[in-house]
Amino acid sequence: MIIALYVDDGLTAHNNDAEYAKFIKALSERFELSVESTEVTWYLGVGILRDWSKGTIKLTQHQYVNYLLKRFNMTDCNPVLTQMEVGQRLSSADCPDVIDK
């Protein structure tokens with residue numbers, strides 16, 4: 001079982017329903033829980049899209065990006081498909097020097 005917790009938000013992934021039920025029962029004896037047994041689509045501001053047929057999971061932050069665009073008055077900017085040249089290779093030499101003060 002994998003358990004992700006952040007303050008009062010939790011997420012579990014498991015492959016044993018009996019163990020999961022025991023875990024939830026034990027936890028609910030100590031804490032007030034709202035348990036949803038549906039597939040997660042949103043967690044801590046991250047959208048989660050799962051394609052079972054392809055065996056993939058896609059994480060998105062569209063809502064946060066839209067928030068930033070509005071905050072910095074960039075909602076009318078021209079979008080591009082990639083943020084950098086396709087095939088460009090980066091190395092540690094491309095990183096700026098960081099000086100701790």
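Just so you know, residue 1 is the first one in the sequence shown, and it goes up from there.
The side chain to side chain contact (heavy atoms under 4.5 Å, CB included) search around Leu44 returns Tyr6, Asp9, not counting sequence neighbours. For the side-chain hydrogen bond (donor to acceptor under 3.5 Å, both in side chains) test, residues two or more places apart in sequence or in another chain that qualify with Trp52 are Glu39. For Tyr43, there are no ring pair (Phe, Tyr, Trp, His ring centres under 6.0 Å) partners, not counting sequence neighbours. Residues forming a salt bridge (Lys or Arg N to Asp or Glu O under 4.0 Å) with Lys25 (at least two apart in sequence, or on another chain): Glu29.
Residue Asn16 qualifies as enclosed at atom CG: its count of foreign heavy atoms under 6.0 Å is above 12.
Distance check: Leu27 CG to Leu5 CG gives 8.0 Å after rounding to the nearest 0.5 Å. Expressed to the nearest 0.5 Å, how far OG1 of Thr12 lies from CD of Glu19 amounts to 12.5 Å.
Sorted by first and then second residue, the pairs that involve residues 12-32 and meet ring pair (Phe, Tyr, Trp, His ring centres under 6.0 Å), not counting sequence neighbours, are His14-Tyr20.
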Check: residues 54-70 side-chain donor-acceptor pairs under 3.5 Å, at least two apart:
unit_1: Asn66; atom_1: ND2; unit_2: His62; atom_2: O; d: 3.3

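Both Val7 and Val46 are part of a single hydrophobic cluster, where members link through side-chain heavy atoms under 4.5 Å apart. One hydrophobic cluster, built from ILVMFWY side chains closer than 4.5 Å, cannot hold both Ile48 and Ile2; they sit in different ones. In terms of hydrophobic clustering, with Ile, Leu, Val, Met, Phe, Trp and Tyr side chains grouped at heavy-atom distances under 4.5 Å, Val40 and Met1 are assigned to different clusters.
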